[in-house]
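This report refers to the structure that appears directly beneath it.
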Amino acid sequence: MIKSIRGTRDLLPPDTDLWNRVEAKVRDVFARYNYHEIRTPVFEDTALFSRSVGEETDIVSKEMFTWEDKARAQSEKAQSLTLRPENTAGVVRAYIEHGLDKKGTLQKLYYIGPQFRRERPQKGRYRQFYQIGAEIIGPPTAGSESPARDAEVLEMLATLLDQVGLRDWNLQLNSVGCAEDRTRYNKALREALKPVVHQMDPDCQRRAETNPLRVLDCKVPEDQPIIEKLPKISEYLDEPCRQHFAEVRTMLDAVGVPYSINERMVRGLDYYTRTTFEFTHGGLGAQSAVLGGGRYDGLSESLEGPKAPGIGFAIGEDRLILALQSQGEQPAEKIQAFVAPLGAGMNKHALNLAHELRRACVAADLGEETFRLKKSFELAEKAGAQYIVIVGENEVAADQFAVKNLTSGEQVKVARAELAGYLRK
Ligand code: AMP
């Protein structure tokens, strides 16, 4: 038997009802903040990710699904392609490719779709997973660098999580500084790590060598005392960066979004500058991050684009759903009516009635004339219907239908013309 691939999974009803409900809410929130959808391809030129996410990151160095595409002609070279491990790089590529900077305004773009990383699968961590993300990007003259963007993004996320019904989330905030701060900080980390690095776990040692910032998110318990004593990023921020971060915090305080500062949160992608953040949830166990994001002021230029500072985030949709389920969120979308034909020749009348009801926006399912009444009742309950509507010979003749409320047991006769209104209320 052929099975699904390790780290991938099928999403089935009724869970998909919850996924769809979350996505509908999220689209609604995005629209209220004037975001519009962008859809980019699921595979891109490998160089896009190595240049933006960074060669030395876990994602690029070991987690990407990459292959050599066959050359189409002898004169052509085979191209290295990669299934997207994240979507910000693709959005910024599209921004540059379509000259969206020429519009002169902020582009507020959102996406919902699958991403791919070859990680060790576990609960909340998959090789094909789904992200809901958004980006604000534009020329500095459009206000793209302003701390007001950071605060607005974070306020939107608080609203979005509240509105999809997630309770007890935590916002962790940090500033990883501007490019020069990062260089100075990395140097300080290298110095501080020199005398202690040999005591660390091999993976942390590798990080210390290739990308010292990454040492801060080493999870090995034995290495934590060493990491705690390392220099703090806040001591290396230059004045404009410090000021920017202070303004973000002031605005968050003003709008009442709670947060805590976590100076070790540096995030796993190289393109971040200044504000970085993560929202976590207690119901998720080890993989507690529901979403992450931050500023990426130099990303466009590193992809040979115009100066286009930006800020964005990606929600792990799989984890958001798991967190909602851990709170007891029920997926079932109930239907209003189950139309039950009773007796030979009744299928066509029942179909007709269901057709009218569905066109009148009543969610209805349809039975089968050969089923006994008892079986129709069982099916109606299984389908989660609120009412069962009986379509028998007498009902058709009178153009009036027996309607039973499956919760209260109350039964009434309703004329065809009033039926949709009755079922919808
Ligand atoms: P990142 O792009 O690494 O900043 O991740 C953003 C969010 O995507 C994380 O906070 C997770 O919620 C989610 N995420 C990242 N990797 C995975 C994965 N392998 N499986 C499920 N969710 C993931």
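Just so you know, ligand 1 is whichever comes first in the structure, and atom 1 is the first atom listed for that ligand. Basis for what follows: all heavy atoms, side chains included, without hydrogens, waters or symmetry-related copies. Position 1 is the first residue of the sequence, and the numbers go up from there.
- At distances below 3.5 Å, at least one donor-acceptor pair connects side-chain atoms of Asp318 with backbone N or O atoms of Tyr130.
- For Phe338, the ring-ring contact (aromatic ring centres under 6.0 Å, His included) criterion is met by no residue, not counting sequence neighbours.
- Protein residues with a heavy atom closer than 4.0 Å to ligand 1 are Arg117, Glu119, Gly124, Arg125, Tyr126, Phe129, Gln131, Arg267, Leu269, Ala289, Val290, Leu291, Gly292, Ala314, Gly316, Arg319, listed by chain and number.
- Looking at residues two or more places apart in sequence or on another chain, you find no salt bridge (charged side-chain N to carboxylate O under 4.0 Å, His left out) involving Glu263.
- The salt bridge (Lys or Arg N to Asp or Glu O under 4.0 Å) analysis of residues 99-115, with sequence neighbours excluded, yields the pairs Lys108-Glu152.
- The pair Arg117-Glu86 does not meet the salt-bridge criterion, since no charged nitrogen lies less than 4.0 angstrom from a carboxylate oxygen.
- Between the Glu155 side chain and the Val255 main chain, no donor and acceptor come within less than 3.5 Å of each other.
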